[in-house]
Amino acid sequence: MAHRVTLIPGDGIGPELAEASRRVLDASGIAFEWEVQDAGEAVMADYGTPLPEHVLESIKRNKVALKGPITTPVGEGFRSVNVALRQSLGLYANLRPARSMKGLETRYEDVDLVIVRENTEDLYAGIEHRVGRDAAESIKIITREASERIARFAFEYAVANGRHKVTAVHKANIMKLSDGLFLESCRTVAADYDGRIEFEDRIVDNMCMQLVQKPELYDVLVLPNLYGDIVSDLAAGLVGGLGVAPGANIGAEAAVFEAVHGSAPKYAGLDKANPTALILSGALMLRHLGHPDAADRVETAVREVIAEGKVTTYDLGGSAGTMAFADAIVGRMAGVSAGR
């Protein structure tokens, strides 16, 4: 039976990336029925919102969505669609693997990190207001329930995927109540995995330095929302940038898989954009749906095409178009499936 999946193409280069990713996933050996739903700037005029209710209903109905990049105005305009999706659907866990690839010029060769970010609270809860004309306040919310839930997600992910260590990242030396509660919650959950998964904690600024100096010491990191947003991009930078960084937002009832880079509207329609991040997000989706072998085929094909360097997009050092790159991955997958 085919998996029914909501496909949100997004803005800018999003539709091209979505088509390339769909082409690869359809060749994975797993059947999909794609329910295409538009969101973002293109629907504002018709619905008065970048995230119409029928898009949310589609995801709730199908339980799974693959989403291209959507533009978020800076300092004005509508609120981030990504944040709205996470809060509306209860997508409490943001999963961001960062793994080195041969063929990409980076300062590191053997990075293999997984960033687990709490998605629903912290400063991203959006509780802020003006205090007179010249000041503004944002309220940071940290709860025991959300902190223990994301810590347990990180430990369960580590167990299920053969990882060995979870590091909680915080600023409890300064924010003793809020970050202190996050750290306390992680320690509480860690006790349930004693003897199976190693646990440690790091202060966030030190963690950033450690990741730049010796990323090989770390495995799975679990962080509150804001720190997780920052550190996940840092980790992506260690392995080649956001163009090769997959992402997943997972809740109890639904999951949305997305590329985390921008919509790059100036490249829209030029068949130049790199679809790697969204294709690899599709591989995360395959794992979520219970198809690890198909996910391995997709990931292996992507890595081999990039390592070979003959058919890659401009940002990967080549001159191939978006669809030609996707077709090269599809062609390589046939070899992967046959046991190359």
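- Contact annotation: the side chain of L316 approaches that of F325 to within less than 4.5 Å [non-hydrogen atoms, C-beta and beyond].
- Ion pair E200/K165 flagged as a salt bridge, since at least one NZ, NE, NH1 or NH2 atom sits closer than 4.0 Å to an Asp/Glu carboxylate oxygen.
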_I'd like to know whether E137 forms a salt bridge (Lys or Arg N to Asp or Glu O under 4.0 Å) with R130, so could you lay out the CA-CA distance, the side-chain angles of the two residues, the decisive distance to 0.1 Å, and finally the verdict._
CA-CA 6 Å; E137 287 183 343; R130 288 274 189 177; over 6 Å; no

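- Judged by distance alone, with hydrogens and angles left aside, the side-chain atoms of K214 form no donor-acceptor pair with the main-chain N or O of L211 at under 3.5 Å.
- F32 pairs by the ring-ring contact (aromatic ring centres under 6.0 Å, His included) definition with W34, not counting sequence neighbours.
- Comment: R163 engages D219 in a salt bridge, judged by a side-chain N to carboxylate O separation of less than 4.0 angstrom.
- The side-chain heavy atoms of L289 and V64, taken from C-beta on, include a pair separated by under 4.5 Å.
- Contact record, S28 with R297: O-NH2, 2.6 Å, taken as the closest heavy-atom pair.
- Looking only at side-chain heavy atoms (C-beta outward), D229 and Y124 come within less than 4.5 Å of each other.
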_Let's go through L25 and M285 carefully: what are the C-alpha distance in whole Å and the side-chain angles of both, what is the deciding distance for side chain to side chain contact (heavy atoms under 4.5 Å, CB included) to 0.1 Å, and is it a yes or a no?_
CA-CA 10 Å; L25 292 171; M285 183 178 74; 4.0 Å; yes

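- A continuous path of ILVMFWY side-chain contacts below 4.5 Å connects L234 to V204, so both sit in one hydrophobic cluster.
- V256 and V116 fall into different hydrophobic clusters, where Ile, Leu, Val, Met, Phe, Trp and Tyr side chains are chained together by heavy-atom contacts under 4.5 Å.
- Grouping the Ile, Leu, Val, Met, Phe, Trp and Tyr side chains by contacts below 4.5 angstrom, directly or via other members, places L95 apart from V298.
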*For S100 and D110, run side-chain hydrogen bond (donor to acceptor under 3.5 Å, both in side chains): C-alpha distance rounded to whole Å, both residues' side-chain angles, the deciding distance at 0.1 Å, then the answer.*
CA-CA 6 Å; S100 296; D110 297 310; 6.0 Å; no

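- Applying the ring pair (Phe, Tyr, Trp, His ring centres under 6.0 Å) test to every pair with at least one member in residues 164-197, sequence neighbours left out, gives these pairs: F155-Y193.
- Ion pairing of R187 with E148 is absent here, as no side-chain N (NZ or NE/NH1/NH2) approaches a carboxylate O to less than 4.0 Å.
- Here the closest non-hydrogen pair linking L280 and E299 is CD2-CG, 4.0 Å.
- Between the CG atom in N119 and the CZ atom in R149 there is a gap of 9.5 Å [rounded to 0.5 Å].
- Environment of CZ in R196: crowded, with over 12 heavy atoms of neighbouring residues, nucleotides or ligands closer than 6.0 Å.
- The minimum heavy-atom distance between L284 and P246, with the atom names listed, is CD1-CB, 3.9 Å.
- Without hydrogens or angle criteria, Y108 side chain to V212 main chain gives a donor-acceptor distance under 3.5 Å.
- By the neighbour-count criterion of 12 heavy atoms within 6.0 Å, atom CD of E53 is densely surrounded, having more than that number from other residues, nucleotides or ligands.
- Tracing side-chain contacts under 4.5 Å through hydrophobic residues (I, L, V, M, F, W, Y), one never reaches L183 starting from M207; they form parts of separate clusters.
- The line from CG of D296 to CZ of R303 is 11.0 Å long, rounded to the nearest 0.5 Å.
- Within a 6.0 Å sphere centred on NZ of K102, other residues, nucleotides and ligands contribute 12 heavy atoms or fewer.
- The main-chain N or O of A98 is never found under 3.5 Å from a side-chain atom of D112 such that the two would form a donor-acceptor pair.
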_Test side-chain hydrogen bond (donor to acceptor under 3.5 Å, both in side chains) on K67 and N249; report intermediate values, then the result._
CA-CA 11 Å; K67 177 188 145 307; N249 298 285; over 6 Å; no

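- The side-chain tip of K272 does not point at the ring of Y267 from less than 6.0 angstrom away and within 45° of straight on.
- Separation of atoms CD1 (I230) and CG (D205) is listed at 11.0 Å; rounding is to 0.5 Å.
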*Begin from the C-alpha positions of T143 and E121 and carry the test side-chain hydrogen bond (donor to acceptor under 3.5 Å, both in side chains) through to its verdict.*
CA-CA 8 Å; T143 67; E121 53 182 27; 3.0 Å; yes

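- With a 6.0 Å radius and a threshold of 12 heavy atoms from other residues, nucleotides or ligands, E109 has its CD atom at or below the threshold.
- Judged by distance alone, the side chain of E16 and the main-chain N or O of G269 form a donor-acceptor pair under 3.5 Å.
- Taking a cutoff of 4.0 Å between a charged side-chain nitrogen and a carboxylate oxygen, K140 and D122 qualify as a salt bridge.
- Taking CE of M101 as the reference point, atom CD of E304 lies at 12.0 Å (rounded to 0.5 Å).
- When all heavy atoms of G10 and I70 are compared, the closest pair comes out as CA-CG1, 3.7 Å.
- The distance from atom CD1 of I139 to atom NE2 of H129, rounded to the nearest 0.5 Å, is 5.5 Å.
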*asked:* V166 vs E198, test: side chain to side chain contact (heavy atoms under 4.5 Å, CB included). Steps then yes/no.
replied: CA-CA 6 Å; V166 171; E198 183 183 347; over 6 Å; no

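- Hydrophobic cluster membership differs between F153 and L91, with clusters built from Ile, Leu, Val, Met, Phe, Trp and Tyr side chains linked at under 4.5 angstrom.
- For the pair N274 (side chain) and T276 (backbone), a donor-acceptor distance under 3.5 Å is present.
- Side-chain atoms of T106 never come within 3.5 Å of backbone atoms of V239 as a donor-acceptor pair (strictly under, hydrogens ignored).
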_From CA spacing to verdict: salt bridge (Lys or Arg N to Asp or Glu O under 4.0 Å), E258, R86_ = CA-CA 12 Å; E258 63 176 348; R86 294 164 187 169; 3.2 Å; yes

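- When every heavy atom of I115 is checked against every heavy atom of V231, the shortest pair comes out as CD1-CG1, 4.2 Å.
- Of all heavy-atom pairs spanning V311 and A324, the tightest one is CG1-O, 3.7 Å.
- Side chain of T120 to backbone of Y92: no donor-acceptor contact under 3.5 angstrom is found.
- Judged purely by atom type and a 3.5 angstrom limit, S58 has no side-chain atom pairing as donor or acceptor with the backbone of H54.
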*Evaluate the criterion side-chain hydrogen bond (donor to acceptor under 3.5 Å, both in side chains) for residue pair E145 and S147; output intermediate values, then yes/no.*
CA-CA 6 Å; E145 179 183 10; S147 299; over 6 Å; no

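- Here the CG-CD distance, from N161 to E156, works out to 10.5 Å after rounding to the nearest 0.5 Å.
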